[in-house]
Amino acid sequence: LSGMEQPIFSTRAHVFQIDPNTKKNWVPTSKHAVTVSYFYDSTRNVYRIISLDGSKAIINSTITPNMTFTKTSQKFGQWADSRANTVYGLGFSSEHHLSKFAEKFQEFKEAARLAKEKSQEKMELTSTPSQESAGGDLQSPLTPESINGTDDERTPDVTQNSEPRAEPTQNALPFSHRIFFLFYFSSAISKHWEAELATLKGNNAKLTAALLESTANVKQWKQQLAAYQEEAERLHKRVTELECVSSQANAVHTHKTELNQTIQELEETLKVKEEEIERLKQEIDNARELQEQRDSLTQKLQEVEIRNKDLEGQLSDLEQRLEKSQNEQEAFRNNLKTLLEILDGKIFELTELRDNLAKLLECS
């Protein structure tokens, strides 16, 4: 890297390159996730993608206007570099990191295009008429399109599975490991549903308190509504009495207007209270729905507990079988040891017999 190049964006990803022989399979160039950075060279006005694995550069790609970054899955993307005569692939830990890298790629690709256009304009302005007249005898310059080719020519057919991994089968696990996984799985499920039940109990207590409070408020508002209605009827009667007995028509009219305004305000208040009662009814309905969800989850928890008991029984049976198998292996070892001791004794006796026969032959 030159001293004028500075990193402007970095992320971490697994790096791959296309197999140069098949042009279809991915070959990992890093054993683990490494830092992948965008660099900007202010002296040459170019953008590069660089990644190092220790001291080895596994990516050194200059971004050109005709390059295209393609998302082949939720966490994997690729681009072709005709200068390096390869296709790079990056496997990210999340879709967000992939989208961010793709956005930066598009941004710096556009910046590279603008820089190229400005450079061409500058060359056209500084060119002399003699050079323009002689240009007809020269061959056409090489463009990035003629160097890198089209995206269809560069990008091979690759599968979306960027990192194939051989997963071990369940039968390949040791017998004791399978017992441990079975026990761990049942315990995890039980703890999960216990936490869910505790949360639902807390929510149920809060909803019950809110329901009681709402019921009390509804009763209070109904009482206030009845009082407002009685007050309205009393005011209507009062208006009628004032119209009959008052001799001062103007005062009666003014008082009547005030009473009508008061009645109108009470009617508006009554309307607001009715809307509040409707809202509380909806909250009560919602509380009932939550209660039904709680009952459903409680039933699921009971089913999980029953399943857990079944798994515990299977675990106990497997432990007994394991203990029986270990006892049989121990007895087999003991019998084999005894047989070996007997065999050693027989071999020793045969050796002595051979020696005696040899002595008899020598004596004879």
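Reckoned from all heavy atoms, side chains included, excluding hydrogens, waters and symmetry mates. Predicted model, so just to flag it, every value in this text is computed and none were measured. Along the sequence shown, residues are numbered consecutively beginning with 1.
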| message | If the threshold is 4.0 Å, N to carboxylate O, is there a salt bridge linking E117 and R113? | response | yes

| request: May I ask you to decide if G313's main-chain N or O and D317's side chain share a donor-acceptor pair within less than 3.5 Å? | output: no

| query | What distance do R354 atom CZ and K359 atom NZ have between them, rounded to the nearest 0.5 Å? | reply | 12.0 Å

| said: Contact between E268 and V272 at the side-chain level, heavy atoms closer than 4.5 Å - yes or no? | reply: no

| So, E283 and R279, do they make that salt bridge, N to O below 4.0 Å? | yes

| What distance separates L98 CG from S73 OG, expressed to the nearest 0.5 Å? | 7.0 Å

| said: Could you check whether any side-chain heavy atom of F348 comes within less than 4.5 Å of a side-chain heavy atom of K346, counting everything from C-beta outward? | reply: no

| message | Salt bridge check, D41 against R44: does any charged N sit closer than 4.0 Å to a carboxylate O? | response | yes

| request: Measure the spacing between CG of N286 and CD of Q282 and express it to the nearest 0.5 Å. | output: 7.5 Å

| Side-chain (N260) to main-chain (K256) donor-acceptor, under 3.5 angstrom | yes

| How far does CG of L290 sit from CG of D295, to the nearest 0.5 angstrom? | 11.0 Å

| Under 4.5 Å between any side-chain heavy atoms of L343 and L339, yes or no? | no

| field | NZ/NE/NH1/NH2 to OD/OE distance under 4.0 Å, R234 and E231 | value | yes

| Spacing of CG belonging to D81 relative to OG1 belonging to T62, to within rounding of 0.5 Å | 7.0 Å

| query | Hey, is the main chain of H32 close enough, under 3.5 Å, to the side chain of S30 for a donor-acceptor pair? | reply | yes

| Above 12 or not: heavy atoms from other molecules or residues under 6.0 Å from CD of Q299? | no

| request: Please report the closest heavy-atom contact between M67 and K109, naming both atoms and the distance. | output: O-NZ, 2.7 Å

| field | Sub-6.0 Å ring centroid separation between F76 and W26 | value | yes

| request: Show your reasoning for whether side-chain contact (heavy atoms from CB on, under 4.5 Å) applies to Y40 and V46. | output: CA-CA 6 Å; Y40 175 66; V46 296; over 6 Å; no

| request: Give a yes or no on whether the backbone of E265 and the side-chain of T269 come within a donor-acceptor separation of less than 3.5 Å. | output: yes

| request: Report yes if the side chains of L90 and Y88 come closer than 4.5 Å at any heavy-atom pair, otherwise no. | output: no

| said: Looking at S296 and E292, would you say the former's side chain and the latter's main chain have a donor-acceptor pair under 3.5 Å? | reply: no

| message | Show the nearest heavy-atom pair for residues L197 and L301, with the distance to one decimal. | response | CD2-CD2, 3.1 Å

| request: Say whether I8 and V36 are linked into one hydrophobic cluster, either directly or through other cluster members, by side-chain heavy-atom distances under 4.5 angstrom. | output: yes

| request: Sort and list the pairs that fulfil salt bridge (Lys or Arg N to Asp or Glu O under 4.0 Å) and have at least one residue in residues 322-344, not counting sequence neighbours. | output: E330-R333

| note | Tightest non-hydrogen contact, residues N25 and T22, listed as N-OG1, 3.4 Å

| task | Kindly state each residue pair satisfying side chain to side chain donor-acceptor pair (under 3.5 Å) with at least one member in residues 96-107, sequence neighbours excluded. | result | K71-S99, S94-H97

| Quick check: does any side chain N or O of R48 sit under 3.5 Å from a backbone N or O of S61, one acting as donor and the other as acceptor? | no

| request: Report yes if some heavy atom in the side chain of I63 is under 4.5 Å from a heavy atom in the side chain of W79; otherwise report no. | output: no

| Any residue meeting ring pair (Phe, Tyr, Trp, His ring centres under 6.0 Å) with F101, in chain and number order, not counting sequence neighbours | Y38, F69, F92

| query | Got a sec: does the CD of Q229 have more than 12 other heavy atoms crowding it under 6.0 Å? | reply | yes

| message | Evaluate I18 against T86 for side-chain contact (heavy atoms from CB on, under 4.5 Å), listing each step before the verdict. | response | CA-CA 6 Å; I18 203 70; T86 187; 4.0 Å; yes

| said: Does V34 form a side-chain contact (heavy atoms from CB on, under 4.5 Å) with L52? I'd like the steps, not just the answer. | reply: CA-CA 7 Å; V34 295; L52 299 176; over 6 Å; no

| When the ring planes of Y47 and F108 are compared, do they come out parallel, tilted or perpendicular, using 30° and 60° as the limits? | parallel

| Q17 side chain to I58 main-chain N or O, any donor-acceptor pair under 3.5 Å? | yes

| said: Looking at V15, is its backbone amide N or carbonyl O close enough to the side chain of T29 to form a donor-acceptor pair, meaning the two atoms are under 3.5 Å apart? | reply: yes

| L318 and L322: side-chain contact (heavy atoms from CB on, under 4.5 Å), yes or no, with the steps? | CA-CA 6 Å; L318 290 173; L322 176 61; over 6 Å; no

| message | With heavy-atom distances below 4.5 Å as the criterion, would you say the side chains of K116 and P65 are in contact? | response | yes

| message | Could you tell me if the side chain of T72 sits less than 4.5 Å from the side chain of Q78, heavy atoms only? | response | yes

| task | Find the distance between CD (Q314) and CG (D310) and round it off to the nearest 0.5 Å. | result | 7.0 Å

